[in-house]
Every structure is written in C-alpha cells, then in structure tokens.
**Q** 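This is the structure I have questions about; it appears just below.
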Number of protein chains: 2
Amino acid sequence: MGQPELSGPGFPNSPRRRRAPKGEGHRLRGEIIAAASDLLADLGDPNQLSMRAVAAAAGVTTPSIYRNFAAKQALLVAVLETRWAELVRVIVEAASEVDDPFESLRRMGHAYLRFAEEHPGHYQVLFRTAAPAGITEGSAQHPAAPGFVVLVESIQRCLDAGVRPPAGRDSTFLAVQVWLFLHGLIDLRIVQQFPFPWPPSETLLDAALADLGLGTRREGQERDQ
Amino acid sequence: MGQPELSGPGFPNSPRRRRAPKGEGHRLRGEIIAAASDLLADLGDPNQLSMRAVAAAAGVTTPSIYRNFAAKQALLVAVLETRWAELVRVIVEAASEVDDPFESLRRMGHAYLRFAEEHPGHYQVLFRTAAPAGITEGSAQHPAAPGFVVLVESIQRCLDAGVRPPAGRDSTFLAVQVWLFLHGLIDLRIVQQFPFPWPPSETLLDAALADLGLGTRREGQERDQ
DNA sequence: TGTACATCAGTGAACGCGCGTTCACTGATGTAC
DNA sequence: TGTACATCAGTGAACGCGCGTTCACTGATGTAC
C-alpha cells in the first residue's frame, strides 16, 4: 500500500516548482547550498556528489542549479564556506562558556570532537577539498584561520595563568600539537572508521592536554610560578 | 621533431605484447599490481584510478587485467596488501637498527613519517580504502596490526627501561597517542597539504615523544625508579 | 624432423551507465498602457 | 479594471565523455603423432 513517492521534477504529474518572485531567484541559491551540504554530510567526498542529486534534493531540475552557480566547483566552494563558519562558530561558543582557561580549552577540544562526530562527512570535506579559489599558501586567509587563532589564544590564557609548558614551547607550538592530535583521532577513528579498540575520545583528549601541562587539574596544581 | 610516442596497445603499429609462456600468465599479474601501485602513489584515491590507465601503464589492453583480477576491487585489494607489507617492513627495519629502546622508538616514528613523505598517495590509500574483504571489526587481522604491535612492544621496552609514564598509561595507550599524533601530522601536512607554517615534522615528533616521557634524553634522565 | 591441432594470453570493439554541462523552450510574475 | 507584453525562474531533452566490464576473436606457444 502507499504509492512509492513519485513526485518532484522529472516524475509524472510532477508539480512545477512555484517560481520565485522576480529578482528573488537567489532564494533557491540557499536551498541548493543546504541540499548539497546535507548530501555531503553523508558522502564526505565531493566527487561522490552529483549535480543531479543536489537538484533532486533541492526539489528542482539540474539545469536550475546553473542559474545560481557557474559550475560544480562554485557550489562546493559555497558549501565549504558555510561549513567552515559553522565549525568556527561551534568552537568559539564552547570556549566562551566558562572563564577558567583550562576548562575553556577543554571545552573547545570537546566541541571540535563533537562537530566531527555529528557531521563526519562535513569534517572530511573541510580538510579534503582544495582550499577555495584565491586562497594560497599563506594561512591567514584560510577559513580555518579564525578557529586556529581562538585555539592559540585559549592556550595563551593558560600560559598566562602560570603554567610552565615543556621547554621552549610557545602557545602556537602547543596549539599545533593539540590540533594534530585531535585531527589524527578524528580522521582515523571517525572519518576512516579504522577498526581498532579505541579508548574513549574524551579520555584521549584529556590525556593529551594533561601531557602538555594544559589539563584541568583539581589537585596538586603547579600553575603558579 | 621526433614522433610523439605512439606505441603500446591501441596505437597504430602497436607491437602486440609478447605473450607469456603457458601457465605463466600470472607474470602479468605482478606487473599490473606494480603499475596500479605506481599510479596510486600519485593519485591517492582509488576512485581516480581507472582500469584503462592501469592497463596502459602495464603496456597491455584493458581486458587483459580481467584475466588476473575479477574486478577493480580485487586489484585494489592486491595493491593494498603490498603497500601495507611495505610500510610494516620499513618501520620494523628502522626499529631494529639500534638497541637503545628510546632511539629505536624515535627511528620508528621517523621511518613512518618518511614513508608518508615519500609515498603520500600510498599512505592515503592505506587508510582511506575500506579494509580488504573479510576483515571486519576486530583489529587483529587488519594488515596494520603487525605494525601496531611493533610500536607497542617498542614503547614497552622503554617502560621496562624504567620510564614512569603519566599516571595510569600502559604501553598500548601510549602507542595510540603516538600513532594519532603522527597520523594527524601526516594527514594534515603531507596528504591534505593544509596551508600552514608548520614546524619541522621531526621537531614535532620529538616533542610529542618527550611529552610522553619517551624522548631520547641525554641529560637529566629520570628513567630509573 | 615435420605437421596438425589444442590451449589460452592478450586483443579490438562495443555495452550500458552516470556524469557535468548546454540549449531552446515554457509559462507565471510583474508592468505599461 | 482589463489587456498586451516583457522578463526570467525553472524545465525537458540532449550533448559528449570516461568509466567498469563483456564478448567474440587472434595467433603464438606448446604438444601429439
């Protein structure tokens, strides 16, 4: 019982999409980005994303996409920008939840983990797609830059609180260490789903922070010089 | 001047491949694996590898591949097996170069880094391709297993030498930490070529080992209990 | 030593498919009179 | 208020391409006699 759902463009009796008022054709643009983003969340690979699938998900025929995006690459760039903004927003929010710099850093890391767990396809796409056109070697203009800056600042606040890091490490070096560890964990465990009896992600992250002297210690503090 | 090189199957005047003696058709099998492996070293993505390209690189027409491999997937599995074996071989060799457990561990890590730097496409493929058929959740049968075991043993030797690791960590946990860090570094820096002013890889690795109490220290040792 | 024949490694052509993209078209929306 | 017309968001059909795979075939290798 229940007809298979044959509707949308391309199917018999498909109702034509109600066309947008003049000058507001760009409304569809947002819907296309959202549709492509949703599909990428599952696929995790831009090569697997077809313009036909995006069109179908947006409830539109394929050529309609080309009114809003010159080519597939342009659509991908637009999706990437929204996903980067989302990731940065999530970790900045998490970091500003509390005042204690160590707890703040910890929450950032956990938020980063959670983003990857909840949207593995997006995490993959963020790092696996060539940087948007116009962004070259310098890291300053990369959409990841604001997020990394927040991490460095968060660690600097811990250092300012009196932590003595291992010899010769500044906040940038420590940020790189934290980021690499988190990325390795996410990529192997969540993205590649490498079969392995992994310890809990939170345990691993907290251990890594503790090893760098950035853990949230409740006793035996050596934070004061 | 100089004719464009039009030779090989499919081109005019192409010399037919000299056929192998009877019963030795499997000789071609090895050449196909080698050709596919070479191509993957550059591509880093099995989806980008075409059977036509493999055939051309092996100096043979496409259908010839199907005498040796039932399908593309079977060829990929065969390539993966050779690449995993190579990676394990390289790190085992590096670890056995010296007796000192700390220096041995350090050399393993550097060998792992070097493999990824020299064959980024292969490193990518090892972790990005679904495990060969028949290998499921248990990690024991995964081709990476022997390599990981060597890492755990190497770290255990350091612990046996008297190192006190951070509270409650055993050699397996420490091995996971080292591996995740290395993988994160390799994936972001070498595979994804993420634009960033990276510190030298060796510096990062040595710092990570030192943080875990596994560094090669020349003075101020606290290894003895 | 010579000839007829079976084997099977490798070939050339073609299959059906999904892809990104293009094109001429349709018809609701909005405006001019 | 009513009608003719311009605009342009969205459509349906098709393009050329590269892909994995299949098929009937070719012809050198090796063997039987």
Side-chain angles (χ1 to χ4, degrees), chain A residues 6-33 35-36 39-40 43 45-79 129-130, chain B residues 6-33 35-36 39-40 43 45-79 129-130:
Chain A
L6 292 179
S7 65
F11 287 106
N13 304 326
S14 63
R16 223 183 150 88
R17 177 190 168 90
R18 180 181 213 127
R19 57 165 284 176
K22 293 203 179 179
E24 301 196 19
H26 282 284
R27 233 181 240 175
L28 178 55
R29 184 186 160 89
E31 294 175 37
I32 291 170
I33 292 176
L39 291 170
L40 276 176
L43 296 172
D45 176 4
N47 288 327
Q48 305 276 27
L49 182 76
S50 83
M51 296 299 262
R52 282 167 170 81
V54 172
V60 115
T61 58
T62 317
S64 289
I65 300 180
Y66 288 86
R67 258 181 209 293
N68 294 278
F69 300 94
K72 186 182 179 182
Q73 181 59 25
L75 170 57
L76 289 174
V77 168
V79 173
T129 306
Chain B
L6 293 180
S7 66
F11 287 106
N13 304 325
S14 65
R16 222 183 152 87
R17 176 188 168 90
R18 180 176 211 135
R19 56 166 283 174
K22 292 203 180 181
E24 301 196 20
H26 282 284
R27 232 181 244 176
L28 178 56
R29 184 186 159 89
E31 294 175 36
I32 290 170
I33 292 177
L39 290 170
L40 276 177
L43 295 172
D45 176 4
N47 287 325
Q48 305 276 25
L49 182 76
S50 83
M51 297 298 263
R52 283 166 170 84
V54 173
V60 114
T61 58
T62 318
S64 289
I65 299 180
Y66 288 86
R67 260 183 207 292
N68 294 279
F69 301 94
K72 185 183 179 182
Q73 181 58 25
L75 169 57
L76 288 174
V77 168
V79 173
T129 306

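Just so we're clear, the structure is a prediction, and the values are computed from it rather than from any experiment.
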**Q** Choosing from D:dT22, C:dG10, D:dA13, which nucleotide comes nearest the side chain of B:Leu28?
**A**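 Selected nucleotide: C:dG10.
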**Q** Whole-Å distance between D:dC23 C1' and B:Tyr66 OH?
**A**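 From B:Tyr66 OH to D:dC23 C1': 13 Å.
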**Q** What's A:Ile65 touching, base or sugar-phosphate or nothing? Going by heavy atoms closer than 4.0 Å.
**A**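 Nothing: the residue A:Ile65, judged by heavy atoms under 4.0 Å, touches no strand.
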**Q** Are B:Leu49 and B:Val79 packed together at the side-chain level, in the sense that at least one heavy-atom pair is separated by less than 4.5 angstrom?
**A**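 The answer is no; the side chains never approach within 4.5 Å.
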**Q** Given side chains that start at C-beta, do those of A:Met51 and A:Leu75 come closer than 4.5 Å, heavy atoms only?
**A**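 Sidechains of A:Leu75 and A:Met51: in contact.
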**Q** So which nucleotide from C:dT11, C:dC19, D:dT21 ends up closest to the side chain of A:Arg52?
**A**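 For A:Arg52, the side-chain atoms sit closest to C:dC19.
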**Q** For A:Met51 and D:dA14, give me the distance from atom CE to atom P, rounded to whole Å.
**A**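 Checked: the CE to P distance equals 21 Å.
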**Q** Nearest heavy atom decides the nucleotide; on that basis, is A:Ala71 or B:Arg67 closer to the 5' end of DNA chain C?
**A**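 Mapping each residue to its closest nucleotide by heavy atoms, the 5'-most match is B:Arg67.
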**Q** Please give, in whole Å, the distance from C:dG10 P to B:Asn68 CG?
**A**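 Spelled out: CG on B:Asn68 to P on C:dG10 is 7 Å.
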**Q** Less than 4.5 Å apart, any side-chain heavy atom of B:Ile33 and any of B:Phe69?
**A**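 Yes, side chains in contact.
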**Q** With the side chain of A:Lys72 defined as its heavy atoms from C-beta on, choose the nearest nucleotide among C:dG20, D:dT21, D:dT11.
**A**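 From the listed options, C:dG20 comes nearest.
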**Q** Are the side chains of A:Leu28 and A:Asn68 in contact, using a 4.5 Å heavy-atom criterion?
**A**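 A:Asn68 reaches A:Leu28 side chain to side chain.
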**Q** How long is the span from the CZ atom in A:Arg52 to the CD1 atom in A:Ile65, to the nearest 0.5 Å?
**A**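 A:Arg52 atom CZ to A:Ile65 atom CD1 measures 10.0 Å (nearest 0.5 Å).
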**Q** How long is the line joining CD of B:Glu31 and P of C:dA9, in whole Å?
**A**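 Taking CD of B:Glu31 and P of C:dA9, I get 14 Å after rounding.
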**Q** For the pair made of CD1 in A:Ile32 and P in D:dA9, what is the distance, rounded to whole Å?
**A**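 After rounding, the reported distance stands at 12 Å.
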**Q** Rounded to whole angstroms, how far apart are CZ on A:Arg29 and P on D:dG10?
**A**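 In whole Å, D:dG10 P lies 14 Å from A:Arg29 CZ.
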**Q** From CG of A:Asn47 over to P of D:dC19, roughly how many Å is that when rounded to an integer?
**A**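 Computing the A:Asn47:CG to D:dC19:P distance gives 13 Å.
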**Q** Starting at atom CG of B:Leu43, determine the distance to atom C1' of D:dG18, rounded to an integer number of angstrom.
**A**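 Interatomic distance, CG of B:Leu43 to C1' of D:dG18: 15 Å.
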**Q** Quick one: on DNA chain C, does A:Gln48 or A:Ala70 contact a more 5' nucleotide (nearest heavy atom)?
**A**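 Of the two residues, A:Gln48 wins.
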**Q** Counting just side-chain N and O atoms, does A:Thr61 come under 4.0 Å of either OP1 or OP2 of D:dG10?
**A**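 A:Thr61 to D:dG10 OP1/OP2: no side-chain N or O under 4.0 Å.
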**Q** By nearest atom, which of the nucleotides D:dG10, C:dA13, C:dA9 is closest to the A:Val60 side chain?
**A**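 Taking heavy atoms from C-beta onward, the closest nucleotide is D:dG10.
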**Q** Using every non-hydrogen atom in the two residues, find where A:Ala57 and A:Ala35 come nearest and quote the distance to one decimal.
**A**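 Looking at all heavy atoms of both residues, the closest pair is CB-CB, 3.9 Å.
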**Q** Do any side-chain nitrogens or oxygens of B:Ser64 fall under 4.0 Å of OP1 or OP2 in C:dT11?
**A**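 Answer is yes, contact under 4.0 Å.
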**Q** With a 4.5 Å cut-off on side-chain heavy atoms, are A:Lys72 and A:Val54 touching?
**A**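 They are not in contact (no side-chain heavy atoms under 4.5 Å apart), so the answer is no.
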**Q** Give each stem of DNA chain D as a range with a range, requiring at least 3 consecutive Watson-Crick or G-U wobble pairs whose two distances are under 3.5 Å.
**A**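 Stems found: C:2-33 with D:2-33.
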